[in-house]
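I have placed the structure first, in the form of structure tokens, so that the comments after it can refer back to it.
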Number of protein chains: 2
Amino acid sequence: MPAGFNVDEMKKLDDMVEKRRRVKQGELLFNSGDTFTSLYAIRTGFFKTCVTIEDGREQVTGFQMAGEIIGMDGIVTDRHNCNAIALEDAEVCVMPFAMVEDLSRELPALQRHVHKIMSREIVRENSVMMLLGNMRAEERLAAFLLNLLQRLHARGLSQSELVLRMTREEIGSYLGLKLETVSRAFSKFSEEGIIEVKQRYVKILAPEALKKIFNPQTYF
Amino acid sequence: MPAGFNVDEMKKLDDMVEKRRRVKQGELLFNSGDTFTSLYAIRTGFFKTCVTIEDGREQVTGFQMAGEIIGMDGIVTDRHNCNAIALEDAEVCVMPFAMVEDLSRELPALQRHVHKIMSREIVRENSVMMLLGNMRAEERLAAFLLNLLQRLHARGLSQSELVLRMTREEIGSYLGLKLETVSRAFSKFSEEGIIEVKQRYVKILAPEALKKIFNPQTYF
DNA sequence: ATTATCATTTGATGTGTATCAAAGTTATTT
DNA sequence: AAATAACTTTGATACACATCAAATGATAAT
């Protein structure tokens with residue numbers, strides 16, 4: 001949440017996010033088609049969002065962690081346009097969107113914050129489009145790992161190791177790859193001494209090498 | 001722009017979009033890195049937005065036509081995060097974002113409208129991710145054509161013919177394909193009698209066949 | 001503890017699209 | 001009108017990733 005509010009304003013913000021909701025691993029926070037009422041601020045846990053088409057194909061559109069906001073896909077049609085599934089036991093703050101809008105009109109800093117969050121999501125999706133449209137498997141995985149590390153690091157965790165919350169298949173779905181290809185890319189990085197992998201645990205041995213794969217030309 | 005405003009409110013909205021800007025074909029409306037100040041409502045013309053990486057790779061992230069809003073990528077960092085280029089001579093309304101925010105606080109209907117526009121963009125990008133991650137070349141092209149047709153039809157134009165404003169290469173960049181692949185898919189559709197193509201002119205002979213390609217399972 | 005289930009790895013082979021190349025077409029410039 | 005540049009089409013070949021398959025390793029259930 002943004003800074004720079006007085007006591008009275010903080011009170012209103014507090015009231016807005018009063019309600020909590022627990023979501024167990026594997027459970028849905030919301031489903032595509034559900035009536036949209038609220039945005040959700042993740043307090044703890046880890047989510048994936050995904051869209052599906054009728055023939056069963058699924059595209060993971062994002063992975064979200066503590067401190068991030070989900071649900072903005074629902075604003076345009078008053079119904080959710082993707083599914084949000086907890087990848088580990090999670091707790092979210094429920095923020096009724098009508099209240100967010102009301103309060104935004106009173107508090108320019110909140111208004112600005114909401115706009116930035118939505119804009120950030122648009123920009124993030126732009127880079128995923130670049131990734132899906134232009135990058136090769138190993139570049140995609142390197143970009144993915146670096147992004148996760150950066151976000152975890154911003155939360156005070158190590159920038160050299162992480163525990164993946166998702167399966168190879170889910171990573172593949174996000175990256176537009178099959179799970180076998182993801183597995184092979186992990187193995188390749190491991191053979192080259194760039195990372196150490198033991199199932200979901202990943203240790204980064206050579207972050208520079210990862211960055212070089214992600215962005216080859218800056219090193220030529 | 002949204003409906004349901006009184007005379008006084010309409011006046012304020014009018015003032016907000018007072019300034020116009022002409023952009024000639026091939027010119028930039030804004031560039032990645034430019035300071036963000038305004039959203040732009042396209043009055044006439046046709047744009048593409050794209051992101052680039054240092055080694056020259058480019059990803060077209062969208063095509064925008066009259067009535068659509070661009071520039072929301074700039075809100076999060078106060079700098080634009082993509083390029084917007086006119087594909088034909090265009091005119092836009094400049095909407096200083098500070099004014100949009102000010103007025104949004106007064107006019108809930110405008111506030112809601114802004115939120116919906118941003119949410120719509122998020123949802124659109126979700127479907128592009130599905131397209132890039134899961135669909136084959138012909139499905140992508142069918143989806144692309146159907147989407148263009150639907151948007152043109154909503155503007156009172158034919159739903160059975162269109163003139164493309166972009167090159168095969170730009171279509172390919174948007175769809176994560178090379179221009180040759182796009183060309184071959186056009187030729188294939190043409191051979192099958194689904195469309196008639198003469199350069200940028202496209203006539204849809206069998207819309208149902210296109211929908212079937214885009215979404216095979218609903219017809220089995 | 002044992003079985004069953006699910007996730008991951010690795011190998012062999014197939015395929016859709018990229019790449020390379022050249023010709024044809026349209027638009028622009030002089 | 002001719003020349004040039006830009007765009008498009010089509011063919012031949014290459015390659016990255018998908019698919020199919022089987023083994024291994026982890027996790028959950030009985």
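Throughout, a chain's letter reflects where its sequence line sits, starting with A, and its residues are numbered from 1.
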**OP:** Run the numbers on Q59(B) and S173(B) for side-chain hydrogen bond (donor to acceptor under 3.5 Å, both in side chains), then give the verdict.
**Re:** CA-CA 5 Å; Q59(B) 174 71 36; S173(B) 174; 4.8 Å; no
Original post:
Can you check the E191(A) CD to dT10(C) C1' distance for me, whole Å?
Top reply: 10 Å
Original post:
At under 4.0 Å between heavy atoms, what does G172(B) touch on the DNA or RNA strands: base, sugar-phosphate, or nothing?
Top reply: nothing
Original post:
If you find the nucleotide of DNA chain D closest to R136(A) and the one closest to E180(A), which residue's nucleotide is nearer the 5' end?
Top reply: R136(A)
Original post:
From the list dT9(C), dT8(D), dT19(D), which nucleotide is the closest neighbour of the side chain of V197(A)?
Top reply: dT9(C)
Original post:
Whole-Å distance between dT17(C) C1' and K178(A) NZ?
Top reply: 16 Å
Subject >> Residue met sooner reading DNA chain C from 5', once Q25(B) and T181(B) are mapped to nucleotides >> reply: T181(B)
Original post:
For L164(A) and dA26(D), what is the distance between atoms CG and P respectively, to the nearest whole Å?
Top reply: 16 Å
**OP:** Kindly say if S187(B) contacts the phosphate of dT10(D), meaning a side-chain N or O under 4.0 Å from OP1 or OP2.
**Re:** yes
Original post:
In whole angstroms, how far is the C1' atom of dG16(C) from the CD1 atom of I213(B)?
Top reply: 16 Å
**OP:** Could you tell me the separation between the CG atom of L179(A) and the P atom of dC20(D), rounded to a whole number of Å?
**Re:** 13 Å
Subject >> Nearest-angstrom distance from the residue atom CD1 of I171(A) to P of dA7(C) >> reply: 13 Å
Original post:
Are E91(A) and R21(A) close enough, and set up right, to give a salt bridge (charged side-chain N to carboxylate O under 4.0 Å, His left out), and what steps lead you there?
Top reply: CA-CA 6 Å; E91(A) 192 183 27; R21(A) 185 169 148 197; over 6 Å; no
Original post:
Do any side-chain nitrogens or oxygens of S183(A) fall under 4.0 Å of OP1 or OP2 in dT10(C)?
Top reply: no
Subject >> Salt bridge K211(A)-E208(A), side-chain N to carboxylate O under 4.0 Å >> reply: yes
Original post:
Expressed in angstrom and rounded to an integer, what is the separation of M135(A) atom CE from dA18(C) atom C1'?
Top reply: 18 Å
Original post:
What is the distance from atom CZ of R57(A) to atom CE of M135(B), rounded to the nearest 0.5 Å?
Top reply: 5.5 Å
**OP:** Could you label the plane-to-plane angle of the Y40(B) and F30(B) rings as parallel, tilted or perpendicular, counting under 30° as parallel and over 60° as perpendicular?
**Re:** parallel
Subject >> Under 4.0 angstrom between R168(A) side-chain N/O and dT9(C) OP1 or OP2 >> reply: yes
**OP:** Find the distance N134(A):CG to dA16(D):P and express it as a whole number of Å.
**Re:** 16 Å
Original post:
Do the side-chain N or O atoms of R184(A) get closer than 4.0 angstrom to the phosphate oxygens (OP1, OP2) of dA18(D)?
Top reply: no
**OP:** Would you mind classifying the nucleic acid contact of R200(A) as base, sugar-phosphate or nothing, using non-hydrogen atoms under 4.0 angstrom?
**Re:** sugar-phosphate
**OP:** For L177(B), answer base if it contacts any base atom (sugar-phosphate contacts may also be present), sugar-phosphate if it contacts only those atoms, and nothing otherwise; contact means non-hydrogen atoms under 4.0 Å.
**Re:** sugar-phosphate
